[in-house]
There are 2 protein chains.
Amino acid sequence: MISKKMEKMVTNNSAIRAMFEEGNRLAKIYGKENVFDFSLGNPNVPAPAAVKAAIEEILEEDSLMVHGYNNSNAGYEDVRQVIAGSLNRRFQTAFSEKNIIMTVGAAGGLNVILKALLNPGDEVLTFAPYFVEYRSYVANYDGVLLEVSPNTVDFQPKLDEFEAKITPKTRAVIVNTPNNPTGVVYSEETIKKMAAIMESKQKEFGTEIILISDEPYRELAYDGVEVPYLTKYYNNTVVGYSYSKSLSLPGERIGYLVIPDEMTDSENVIQAAVIANRILGFVNAPTLQQRVVAKCIDEKTDISYYDKNRETLYNGLKELGFECTKPQGAFYLFVKSPVADEKEFVTTAKKYNLLLVPGSSFACPGYVRIAYCVSHETIVNSLPKFAELAKEYK
Amino acid sequence: MISKKMEKMVTNNSAIRAMFEEGNRLAKIYGKENVFDFSLGNPNVPAPAAVKAAIEEILEEDSLMVHGYNNSNAGYEDVRQVIAGSLNRRFQTAFSEKNIIMTVGAAGGLNVILKALLNPGDEVLTFAPYFVEYRSYVANYDGVLLEVSPNTVDFQPKLDEFEAKITPKTRAVIVNTPNNPTGVVYSEETIKKMAAIMESKQKEFGTEIILISDEPYRELAYDGVEVPYLTKYYNNTVVGYSYSKSLSLPGERIGYLVIPDEMTDSENVIQAAVIANRILGFVNAPTLQQRVVAKCIDEKTDISYYDKNRETLYNGLKELGFECTKPQGAFYLFVKSPVADEKEFVTTAKKYNLLLVPGSSFACPGYVRIAYCVSHETIVNSLPKFAELAKEYK
């Protein structure tokens, strides 16, 4: 009954679905507080109080304006101006509202730009481990996702392999820094090297290779680390942003794309993206939330909350003998499984009500992802369980 | 730089864009109140007061729940229960929450179900005149949209031609009643005949043909006319609904799909649709608005407002000698152009600051669409302009 493409996805989906249901099952037996669900990237920090205040303020305005269609499918012009201005102040860029397209989250934005750019058979490169949905997003437009293998020493990108894997069919490269699932941030030096490789390959092949920067975790960086703004290093860059983590609004689906003037054929790409946004059925980003993010442009989520979790969990696990690169951003730890088959480790962990995600789901077997965007109490109470788990592998 | 598929769309888009800019240009010269913009289906009735009250009430709850990810990409279970219950009460159906998938508007919903169902080359039938975006939605999944020619006598579907055009490759049929752009409502008799044709063709070809009912205008029906609920007449029916018009929330992108148990392989279709919703980048429908529509389930937009516009405009235009089928639903009049080339008529109308949409945009040349979801004042003040326009063609 369903399409051939979807048949495969429904089959694959069952595993993830089964794990999710397992979590619910365990919670029913042991009580929610005794199940340590580290599987989802759902922020546990409430939205800033300013979000509520902004909504209340907006509701006093004319309902036809608040909830109506936008004049442009790219979103409210004044909202896009506010965002461009904020980026310009923070990153010394020179965007105007026309470079910003409001999207239904970063996931919506990635789909929009991939639809605007990809012809069937085009190759898209990304670095393992990576957010598994990239594969589906690229497949939606009949592109082929190819991966650079993981560098398990420090999870920085393997640039030699990257260079070797760029072909005349390479249309785009997706990077995600701060990274899901490793928490690693790419340094300015890395970005410069990456940009130089892409520039040189563009010349060699006479092609345009677009760098797509998926940035839902931009604001979640610790220890004062800088997250370089990629449009400044490489002209053919598109940024996909989301307020899901920075304002704790993941369910509201609000984000934007940045398509800079420096990009080749920029005007056309912008127009194609606006049309893709419309015909994929997004039409426009949700209007009330567009206004909210403009009003909350200088608001920040309380990252000290995640930072505290990061320190407690990282130190706790290291003490127990687990191997892990200390993350500089996002809210994930990517921990080496004590046995090669990390799915077995995940199954064992479940005995202690610890719900982890196998690295295979991120094209990096032998590791597990722990999402620490949970309450600090959950972190603290989980450590004795991790201790019991560690014992099994000694 | 952009994909081949999008190149064509960017070229075609320029015409619509030009018209939109023309409206803005005229408004600047003559003042907004002297430009009669009948081009957009943007409701002019404010959202019911209950919407504001609902949002304020929801904001008092835990922000993590209000703005967080849903447990299921299908949307909040309790919201889906409320919607299923409301449909069951109104239409004597037997839906539960699992039959409802919350979507980013009806446009999002149509994309989701088409992605779930279509293989490349599959045929989708619809009845001219039709909402032009169907062509893009079907093309997104490499389907082929085929049209049944318009019945310009009363704009009811031509069922003989419909029957003749169903082939073994026909995968879906899209209907839209109340209809954009004609305002026509399909009678129960029509629906029964249509269902019988599809049942018989399914048997003849050994195929499954899915009826997709696009229903953003369901609640906008006048003169007490009944809009039949299609799942009751044909098992393989999927309904796409939107609150854009019924609660005047077009910018908020909130709607749902109904996939009934009676449908062949229903469980699989539901699962495929939920996954399609996720991988197309919608992820989940906006959370705050999900809660709003549940709280406002019994609220209705003030259709007497549109009804008044309908009467004034329809009677006014008839008196001036224009030909038009009186619409029973939606908020559009589909008026016969006094000259065969309706684009010429649209251009002439522009001289009087009357902005109309050519029927060619709905696969029905020789007609123009007038969206009367504007203020009553605009309707009244436009009539002398229509009178001047009519004179040109006498």
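Quick note on labels: first sequence line is chain A, next is B, and so on, each numbered from 1. For the numbers below, each heavy atom of this structure counts, side chains included, while hydrogens, waters and symmetry mates do not.
For a residue to count as touching a neighbouring chain, one of its non-hydrogen atoms must lie under 4.5 Å from one of that chain's; by this rule B:Met1 touches chain A with backbone and side chain alike. Of the atoms belonging to B:Val51, it is side-chain heavy atoms, and not backbone ones, that fall under 4.5 Å from chain A. If you measure heavy-atom distances from B:Met65 to chain A, you find no contacts under 4.5 Å at all. Contact of A:Leu110 with chain B is not made at all, since no heavy-atom distance falls under 4.5 Å. Contacts of B:Asp142 with chain A are made by side-chain atoms alone, with heavy-atom separations under 4.5 Å and no backbone atom involved. B:Ala139 does not touch chain A: none of its heavy atoms, backbone or side chain, sits under 4.5 Å away. Of the two parts of B:Ile275, the backbone and the side chain both hold a non-hydrogen atom closer than 4.5 Å to a non-hydrogen atom of chain A. Neither the backbone nor the side chain of B:Asn70 comes within contact range of chain A, judged by heavy atoms closer than 4.5 Å. For chain B, the nearby part of A:Asn236 is the side chain; its heavy atoms alone come within less than 4.5 Å. With a threshold of 4.5 angstrom between heavy atoms, B:Thr287 approaches chain A through its backbone and through its side chain. At a 4.5 Å heavy-atom cutoff, B:Arg135 makes no contact with chain A through either its backbone or its side chain. When heavy atoms are compared at a cutoff of 4.5 Å, A:Leu40 does not approach chain B at all. For chain A, the nearby parts of B:Thr264 are the backbone and the side chain; heavy atoms of each come within less than 4.5 Å. Heavy atoms of A:Ala273 lying under 4.5 Å from chain B are absent altogether.
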Which donor-acceptor pairs under 3.5 Å do the side chains of residues 101-109 of chain A make with protein atoms, sequence neighbours left out?
residue	atom	partner	partner atom	Å
A:Thr103	OG1	A:Gly105	O	2.8
A:Thr103	OG1	A:Gly255	O	3.4
A:Thr103	OG1	A:Tyr256	N	3.3

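Judged by distance alone, the side chain of B:Ser3 and the main-chain N or O of A:Asn119 form no donor-acceptor pair under 3.5 Å. The main-chain N or O of B:Leu280 is found under 3.5 Å from a side-chain atom of A:Asn111 such that the two form a donor-acceptor pair. Judged by distance alone, with hydrogens and angles left aside, the side-chain atoms of B:Lys245 form a donor-acceptor pair with the main-chain N or O of B:Gly41 at under 3.5 Å.
By the neighbour-count criterion of 12 heavy atoms within 6.0 Å, atom CD of B:Glu267 is sparsely surrounded, having that number or fewer from other residues, nucleotides or ligands. Counting non-hydrogen atoms of neighbouring residues, nucleotides and ligands closer than 6.0 angstrom, the NZ atom of A:Lys169 reaches no more than 12 such neighbours.
Side-chain contact of B:Asn44 with B:Tyr305: a donor-acceptor pair under 3.5 Å is present, judged by distance alone. Judged by distance alone, the side chains of B:Tyr241 and B:Ser246 do bring a donor and an acceptor atom under 3.5 Å apart.
Screening A:Glu57, A:Glu252, A:Glu61, A:Glu56 for a salt bridge (charged side-chain N to carboxylate O under 4.0 Å, His left out) with A:Arg291, the sole residue that qualifies is A:Glu61.
Using a cutoff of 4.0 Å between basic side-chain nitrogens and carboxylate oxygens, B:Lys52 and A:Glu60 are scored as salt-bridged.
Note on A:Pro46, A:Pro250, A:Ser244, A:Ser63: by heavy-atom pairs under 4.5 Å with chain B, the leading option is A:Pro250. Interface summary for chain B: among A:Ile279, A:Val66, A:Val283, A:Asp265, the most heavy-atom pairs under 4.5 angstrom belong to A:Ile279. Listed options B:Pro43, B:Ser72, B:Ala285, B:Ala47 were ranked by heavy-atom pairs under 4.5 angstrom with chain A; first place goes to B:Ala47.
Evaluation of the salt bridge (charged side-chain N to carboxylate O under 4.0 Å, His left out) rule for B:Glu133 yields A:Arg278 as partners, not counting sequence neighbours.
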